[in-house]
Amino acid sequence: MRKRSRLAPITATCCALLASAACTINPVTGERQLALISAEDEVAIGSGQYLPSQQMQGGEYRRDPALSQYVRDVGSRLAAVSDRALPYEFVIINSSVPNAWALPGGKIAVNRGLLVELGSEAELAAVIGHEIVHAAARHGAQAMQRGMLLQGAVLIASAATRDRDYSGLAVGAAGLGAQLINMRHGREAELEADVYGMRYMSRAGYDPRAAVELQQTFVRLSQNRDDRGWLAGLFASHPPSAERVDANRATAQTLPAAGTLGRDAYARATASLRRDLPGYEALDRASEALAAGDPELARREATSAAELLRDEAQAEALLGDIEMAANRPGRALGHYDQALSLNDRFFYYQLAKGHAHLAFEQIGAAETAYRASLALLPTADAYLGLGRIAERRGDRNTAIQEYSRAAESEGAAGAEARRALVRLDLPENPERYLALASTLDSGGLLVVRIENRTEFEVGSIQLVVGYIEGDRARLARRLLEGTLAPGATRTHATSLGPFAPGTGYEVSIERAEVIERQ
């Protein structure tokens, strides 16, 4: 079976945008640049991808609404002095990975894992100002125009980070957001975002020298800290360097030294988050232990995290994951329900609940949970679950539709969906997957050559041969012995015939089966 490219829907979206090219003035730099993507489309892309992108990175941090408002206030203060009016929005992501990102159109996120590494409001302003420039100067849109997304040059972050990244689960249009938030900007764009971000800081009343201190800290951490969370987060998408430190220092000398640092204000705003840090660290250790196949350590750490982080949905969900790994879906459901009672706006809790219900053969409840999860983020795992439900109900056509959606993913769920598609469809439509050629040997006997174009072993291949004998039409069937390995080609002598030269005959594959070995 031919795999569907996960970039196909992205390609269609981006190609549609290329229809309205124009030359515009960059509102930040004042330089003329080609605009293949209009300002309206740019805003629409960011708006459409903002919520799915939050879901892929861990969902919105909701534990401390006052801190979220504080970040929004700092962001709004900087947005007010930016060179481009956009519908800016600012959110904290509930992820320990130190990162920040901006989508086209001014949709900006900062991870809680980065907030605990900063020392002042001015440093936060340096981070947000930098991201505002990426949006205002159209860096994301320019990357799309250069064909980075279409050619697959932007890679989705690995899930093997200190905190879970769900980018690899997303299918359909959400794949565009997955690539945008994980793109690595070029050297020129990073330096440009530093320079103008510091200017925004100064205009907003912050001390721009904090941006120098911030880059110095990042360089030191990147050199001395063996932490995959940093490498997969901010350092991957915004790599620090001595060059950037020197450039920021030179920029700071051109700006007024006056301005606030806001160390005390930042300490007060992040006090609750810092108190919670041991709990989140325990949660990260639990997640790592579960992934490493150590459920007992995972349980101890997750239980400790749940005690330290009262009312944190992530801790309850991880306890549910541990129970599912132990094949106790009933206990897992209790944890997932508790997670949803604390936060019903994160897709994973619904997705995991669907898996638990399906393990219990609670088909209706599983379908409801999967569809609730898809409303928040379209994932291959949810479509795969719906395909399994449809198959169990005997609804082959719906199962094929759901599996086809899941098959867009290159992950484990996509591979399983492709296997399910072949299993369902190949018996009735074998010639979609098996290439057939025929000839006659020197004695006039029919010889067929069959190529298995799937990634699965195929057996029980039955041929149908139609031919004319005298003045009558005849049909003959032959069940071919043996199986055909994935990608293999085999020649079979059928013993049908002998056919006289010029005799008309037609050969087709009537049925076949996928061989699934444990």
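As the structure is a prediction and not an experimental result, all values here were calculated from the model.
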Under a 3.5 Å threshold, yes or no: a donor from one side chain and an acceptor from the other, between [X] and [Y]?
X      : Y      : value
Asp41  : Ser38  : yes
Arg112 : Ser95  : no
Asp321 : Tyr348 : yes

For [X], side chain to side chain donor-acceptor pair (under 3.5 Å) partners two or more places apart:
X      : answer
Gln338 : none
Gln215 : none
Asp344 : none
Ser82  : Tyr88

If you measure from [atom1] on [X] to [atom2] on [Y], what distance do you get to the nearest 0.5 Å?
X      : Y      : atom1 : atom2 : result
Leu319 : Met324 : CG    : CE    : 14.0 Å
Tyr61  : Asn343 : OH    : CG    : 12.5 Å
Glu416 : Arg419 : CD    : CZ    : 8.5 Å
Tyr403 : Arg418 : OH    : CZ    : 14.0 Å
Gln54  : Leu376 : CD    : CG    : 11.0 Å

With salt bridge (charged side-chain N to carboxylate O under 4.0 Å, His left out) as the rule and sequence neighbours excluded, what pairs involving [range] come up?
range            : result
residues 60-76   : Arg63-Asp276
residues 86-110  : Glu89-Lys107
residues 309-319 : none

Does some side-chain heavy atom of [Y] sit less than 4.5 Å from a side-chain heavy atom of [X]?
X      : Y      : answer
Leu169 : Ser409 : no
Trp101 : Val110 : no
Asn99  : Leu114 : no
Leu421 : Ser404 : yes
Glu301 : Thr303 : no
Val43  : Ser47  : yes
Leu374 : Leu386 : yes
Gln55  : Pro52  : no

[X] side-chain N/O to [Y] backbone N/O, donor-acceptor pair under 3.5 Å:
X      : Y      : value
Arg331 : Glu323 : no
Asn94  : Gly59  : no
Ser304 : Arg300 : no
Tyr50  : Ile108 : yes

Just wondering, more than 12 heavy atoms not from Arg345 lying within 6.0 Å of its CZ?
no
Kindly indicate, with the supporting measurements, whether the criterion side chain to side chain contact (heavy atoms under 4.5 Å, CB included) is fulfilled by Glu123 and Ser120. CA-CA 5 Å; Glu123 288 187 13; Ser120 69; 3.4 Å; yes
Side chain to side chain contact (heavy atoms under 4.5 Å, CB included) for Val74 and Phe90? Distances and angles first, verdict last.
CA-CA 9 Å; Val74 173; Phe90 307 91; over 6 Å; no
Per-pair distances, 0.1 Å, donor-acceptor, side chain in residues 263-272, under 3.5 Å, sequence neighbours excluded:
{"unit_1": "Tyr266", "atom_1": "OH", "unit_2": "Leu115", "atom_2": "O", "d": "2.6"}
{"unit_1": "Thr270", "atom_1": "OG1", "unit_2": "Tyr266", "atom_2": "O", "d": "2.8"}
{"unit_1": "Thr270", "atom_1": "OG1", "unit_2": "Arg274", "atom_2": "NE", "d": "3.1"}

Restricting to non-hydrogen atoms, name the atom on [X] and the atom on [Y] that form the minimum distance, rounded to 0.1 Å.
X      : Y      : result
Ala298 : Ala289 : N-CB, 3.7 Å
Ala302 : Ile322 : CB-CD1, 3.7 Å
Ile93  : Gly58  : CG2-N, 4.3 Å
Asn111 : Ile92  : C-CG2, 4.4 Å
Glu131 : Ala100 : OE2-O, 3.5 Å
Ala413 : Asp381 : CB-OD1, 3.7 Å

Would you mind checking if Arg244 and Glu192 are paired as a salt bridge, meaning a charged N to carboxylate O distance below 4.0 Å?
no
Exercise. When you check the gap from the basic side-chain N to the acidic O, do Arg405 and Glu402 get nearer than 4.0 Å?
Worked result: yes
Any residue meeting ring pair (Phe, Tyr, Trp, His ring centres under 6.0 Å) with [X], in chain and number order, not counting sequence neighbours:
X      : result
Tyr280 : none
Phe346 : Tyr166, Tyr349
His355 : Tyr370

Q | Steps toward side chain to side chain contact (heavy atoms under 4.5 Å, CB included) verdict (Asp194, His130) | A | CA-CA 6 Å; Asp194 284 344; His130 182 99; 2.8 Å; yes
Report, one line per pair, each donor and acceptor closer than 3.5 Å where one atom sits in a side chain of residues 200-208; sequence neighbours left out.
{"unit_1": "Tyr200", "atom_1": "OH", "unit_2": "Asp83", "atom_2": "N", "d": "3.1"}
{"unit_1": "Tyr200", "atom_1": "OH", "unit_2": "Asp83", "atom_2": "OD2", "d": "2.8"}
{"unit_1": "Arg203", "atom_1": "NH1", "unit_2": "Val81", "atom_2": "O", "d": "2.7"}
{"unit_1": "Arg203", "atom_1": "NH1", "unit_2": "Asp83", "atom_2": "OD1", "d": "3.3"}
{"unit_1": "Tyr206", "atom_1": "OH", "unit_2": "Arg77", "atom_2": "NH1", "d": "3.1"}
{"unit_1": "Tyr206", "atom_1": "OH", "unit_2": "Glu121", "atom_2": "OE2", "d": "2.6"}
{"unit_1": "Asp207", "atom_1": "OD1", "unit_2": "Arg209", "atom_2": "N", "d": "2.9"}
{"unit_1": "Asp207", "atom_1": "OD1", "unit_2": "Arg209", "atom_2": "NE", "d": "3.1"}
{"unit_1": "Asp207", "atom_1": "OD2", "unit_2": "Arg209", "atom_2": "NE", "d": "3.2"}
{"unit_1": "Asp207", "atom_1": "OD2", "unit_2": "Arg209", "atom_2": "NH2", "d": "2.8"}

Hey, mind stepping through Val212 and Thr251 against side chain to side chain contact (heavy atoms under 4.5 Å, CB included) and telling me if it holds? CA-CA 9 Å; Val212 180; Thr251 300; over 6 Å; no
